[in-house]
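Report on one structure; see the data block that follows.
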There are 2 protein chains.
Amino acid sequence: MQPKVTIYDVANAANVSMATVSRVMNRNPKVKKETKERVLKVIHDLNYHPNAVAQGLASKKTTTIGVIIPDLTNAYFANLAIGIDDIAMMYNYNIIIANSNEDTEKENQIIDNLLAKQVDGIIYMGRNQTEHFRSATRDNGTAVVLAGTVDEWNTPSVNINYRQATYDATSFFLKQGQKVALVISDKNYPINAKYRIPGYKDALKEYGIEFNKKLIFETQDNNSISNPTFQEIYESEASSAVVYSDDTAIILLNKGFEMGRSIPEDFQIITSNNTVVTKYARPTISSITQPLYDIGAVAMRILTKMMNKEKVQDSNVYLDYDIIHRGTTRI
Amino acid sequence: MQPKVTIYDVANAANVSMATVSRVMNRNPKVKKETKERVLKVIHDLNYHPNAVAQGLASKKTTTIGVIIPDLTNAYFANLAIGIDDIAMMYNYNIIIANSNEDTEKENQIIDNLLAKQVDGIIYMGRNQTEHFRSATRDNGTAVVLAGTVDEWNTPSVNINYRQATYDATSFFLKQGQKVALVISDKNYPINAKYRIPGYKDALKEYGIEFNKKLIFETQDNNSISNPTFQEIYESEASSAVVYSDDTAIILLNKGFEMGRSIPEDFQIITSNNTVVTKYARPTISSITQPLYDIGAVAMRILTKMMNKEKVQDSNVYLDYDIIHRGTTRI
DNA sequence: CTGAAAGCGCTTACAG
DNA sequence: CTGAAAGCGCTTACAG
């Protein structure tokens with residue numbers, strides 16, 4: 001274990017003040033070329049690495065951001081996280097990631113931790129920021145961006161337009177004269193209440209079909225094949241389903257086979273996230289395609305701007321989506 | 001944006017010195033009860049939260065650890081990460097997570113970042129620590145634990161005994177008189193070179209069968225169904241396969257159907273990680289079962305001990321595994 | 001172009 | 001049981 005070399009050691013060895021070393025490190029242009037080179041050589045020879053904690057205390061910037069994620073094992077969020085991490089690294093930030101499980105108490109604890117650690121900003125994914133989260137970040141003036149997440153307060157965010165996407169998927173089935181089930185986690189989640197359900201209703205209206213609330217199914221994020229909801233879907237009058245999550249969709253698909261249904265012959269499915277399981281399933285699952293990596297990447301990019309106090313012109317970004325037809329739809 | 005309240009503000013309002021406030025915060029027992037209560041009330045009234053960056057600089061402990069993960073979207077590693085995060089939170093640590101992509105340059109950059117941020121320890125997952133990683137952590141005296149990862153230097157680690165598990169899976173097939181393929185990412189990875197291949201050979205030896213290197217297949221982590229390796233497996237003399245990754249196994253399964261094979265009737269598969277895709281597949285995939293969450297959790301627990309300079313008696317831990325037979329094996 | 005000095009917000013001997 | 005003071009390793013006006 002070698003002794004840590006500090007800025008003082010460099011200053012001594014280079015015969016300059018620590019201020020000058022600091023200037024060199026921070027690429028301050030007004031350092032004489034020779035001085036700079038001498039310092040740089042000493043930095044290299046001594047293998048000096050600045051202590052980011054001390055930098056953080058002195059500069060009040062930690063180049064660390066917090067990322068709150070509902071579930072690291074959920075492919076949807078994991079893909080966003082990769083986009084976040086890549087861009088963060090590109091801009092020289094590190095991410096403190098915390099798995100929230102969408103648990104209010106845990107989220108509150110997480111936000112306290114993150115603020116104590118003086119993160120420069122936070123990317124939030126999940127259901128809804130807690131009251132405490134909102135007030136604490138506001139009081140601290142901490143920048144927050146939502147990724148793959150919407151809320152009722154117009155917080156800067158990056159998403160696809162779920163309302164339009166749900167409309168498109170529903171319309172695809174209605175055009176064929178199918179009865180369409182909408183499968184969501186919970187109708188009270190903002191993303192469902194404000195986007196998916198309205199998009200579904202838009203399509204029904206377009207096709208002059210009356211809304212039947214019995215065709216909205218809530219899984220409560222319980223993707224076990226024993227969840228009775230899956231059976232209920234097939235026992236309903238629906239002949240097709242628009243599903244909010246790929247894991248849910250593959251369970252639904254398998255449940256269909258278990259119940260002796262033919263897919264896509266007598267039941268069709270469009271899922272939402274185009275994660276890898278859609279390609280693993282047999283038949284492969286038709287899906288809305290989202291630029292998952294980009295959602296994370298753009299969210300991080302917006303956050304960097306906010307942390308720099310730059311103007312962010314459009315803070316609620318909707319990226320492009322599409323629908324890819326595979327084996328669970330009939331064209 | 002409210003003014004930050006510091007330890008000085010608390011000290012003033014409570015009419016004590018900041019040292020006393022610090023003692024109260026740190027649960028130092030030798031503070032008079034009344035003083036303590038007065039300070040506690042002020043802390044609460046002022047909504048004081050200590051600045052962890054300043055604490056980190058003064059105490060030389062950041063209560064932050066680094067986690068290097070090859071791929072956040074890989075269910076195997078994501079499950080370990082959840083175990084790590086949970087135990088970290090329990091012990092009041094936060095994790096800086098960095099996606100390495102198993103890229104040497106990126107890992108080097110990551111380790112520099114983590115050390116600059118003065119992390120108290122690091123959990124490494126992946127192929128192999130880089131030279132730079134090893135020397136930098138050694139020079140810094142930073143504790144390192146491997147999770148789901150082995151190396152040649154006896155670094156503290158948590159795993160299952162892959163050699164024994166591979167032996168068991170291979171033996172299961174040999175007992176039936178099958179020819180067994182071993183499907184791995186790359187035979188030079190330590191986990192394959194030191195565990196899986198020897199375990200496979202152990203089983204062959206046990207059954208008096210000569211090793212045939214043509215039955216070792218390397219996917220190079222390329223899990224696209226167009227990877228020619230998958231087809232080669234079915235064109236070989238193998239009638240069964242022990243596969244290192246669940247994603248690989250499901251692709252192999254699907255490739256089998258594409259090639260007109262019946263599984264498990266004329267080809268059998270055992271995979272390694274029992275992640276959720278094994279249950280999504282049809283037929284469901286037989287698997288070695290690993291306590292993924294626990295691997296991460298125990299690794300984090302060991303790291304906390306090392307960071308506290310406690311004795312760690314057994315620093316290369318092997319947790320229990322089992323084999324669960326599902327639809328891709330015949331019993 | 002460079003240095004001396006204050007300050008970031010804490011912890012931790014040391015002294016009493 | 002409590003306080004004064006030094007120190008953690010930097011950044012950043014300020015002065016020259």
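Residue numbers start from 1 in every chain, and the chains themselves are labelled A, B, ... in the order their sequence lines are given, proteins ahead of strands.
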(message) I want to verify a distance call: between C:dC10, D:dC10, C:dT2, whose nearest atom is closest to the B:Y8 side chain?
(response) C:dC10

(request) Could you point out which residue of B:I96, B:L303, B:I97 forms a side chain to side chain contact (heavy atoms under 4.5 Å, CB included) with B:I65? (result) B:L303

(request) Name the nucleic acid region contacted by A:T20, choosing base, sugar-phosphate or nothing; use a 4.0 angstrom heavy-atom cut-off, strictly under. (result) sugar-phosphate

(message) Would you say B:S22 places a side-chain N or O within less than 4.0 Å of OP1 or OP2 belonging to C:dT11?
(response) yes

(request) Report the distance from atom CG of A:N28 to atom P of D:dT12, rounded to the nearest whole Å. (result) 10 Å

(message) Tell me the interatomic distance from A:K4, atom NZ, to D:dG9, atom P, rounded to whole angstroms.
(response) 8 Å

(request) Determine which nucleotide pairs with D:dA13, using a 3.5 Å limit on both distances of a Watson-Crick or G-U wobble pair. (result) none

(request) Could you check which of D:dT12, D:dT11, C:dC1 has an atom nearest any side-chain atom of A:A19? (result) D:dT12

(message) Given C:dC8, D:dT12, C:dC10, identify the nucleotide with an atom nearest to the side chain of A:L57.
(response) C:dC8

(request) Using a 4.0 Å heavy-atom cut-off across all strands, classify B:V16 as base, sugar-phosphate, or nothing. (result) sugar-phosphate

(request) Take atom NZ of A:K36 and atom P of C:dT2, then tell me their distance rounded to the nearest Å. (result) 12 Å

(message) How many whole angstroms separate atom CD of A:E37 from atom P of C:dC1?
(response) 13 Å

(message) By the definition side chain to side chain contact (heavy atoms under 4.5 Å, CB included), identify the one residue from B:V31, B:T35, B:V42 that meets it with B:V24.
(response) B:V31

(message) Of the options C:dT11, D:dA4, D:dC10, whose atoms approach the side-chain atoms of B:S59 most closely?
(response) C:dT11

(request) Just call it for B:K30: base, sugar-phosphate, or nothing, with non-hydrogen atoms closer than 4.0 Å on any strand. (result) base

(request) Could you tell me the separation between the NZ atom of B:K60 and the C1' atom of D:dC10, rounded to a whole number of Å? (result) 12 Å

(request) Considering just the side-chain nitrogens and oxygens of B:Y48, establish if one lies under 4.0 Å of OP1 or OP2 belonging to C:dC10. (result) yes

(message) Of the listed nucleotides (C:dA4, C:dT11, C:dA13), which one gets closest to any side-chain atom of B:R23?
(response) C:dA13

(message) Nearest to the A:S17 side chain among C:dG3, C:dC10, D:dG9, which nucleotide is it?
(response) C:dG3

(message) Can you see whether A:R138 engages A:S135 through a side-chain donor-acceptor pair at a distance of less than 3.5 angstrom?
(response) no

(request) Quick one: label B:M18 by what it contacts on the DNA or RNA (base, sugar-phosphate, nothing), any heavy atom closer than 4.0 Å. (result) base

(message) Nearest to the B:V31 side chain among D:dT2, C:dT11, D:dT11, which nucleotide is it?
(response) D:dT2

(message) Going by purine N1 to pyrimidine N3 plus the second Watson-Crick contact, or the G-U wobble pair, all under 3.5 Å, which nucleotide sits opposite C:dA4?
(response) none

(message) Whole angstroms only, please: what is the CD-C1' distance between A:E34 and C:dC1?
(response) 11 Å

(message) Taking atom CD as the centre, does A:E152 end up with more than 12 heavy-atom neighbours from other residues, nucleotides or ligands that are less than 6.0 angstrom away?
(response) yes

(message) On the nucleotide C:dT2, are OP1 or OP2 found under 4.0 Å from the side-chain N or O atoms that A:T35 carries?
(response) yes

(request) To the nearest 0.5 angstrom, please state how far the CE atom of B:M89 sits from the CG atom of A:N113. (result) 5.5 Å

(message) Tell me the interatomic distance from A:K61, atom NZ, to C:dG7, atom P, rounded to whole angstroms.
(response) 20 Å

(request) Supply the atom-to-atom distance B:K106 NZ to A:D86 CG, rounded to the nearest 0.5 angstrom. (result) 4.5 Å

(request) Find which nucleotide of DNA chain D each of B:A54 and B:R38 is nearest to by heavy atoms, and output the residue with the more 5' nucleotide. (result) B:R38

(request) Rounded off to whole Å, could you give me the CG-to-P distance for the B:N51 and C:dC8 pair? (result) 11 Å

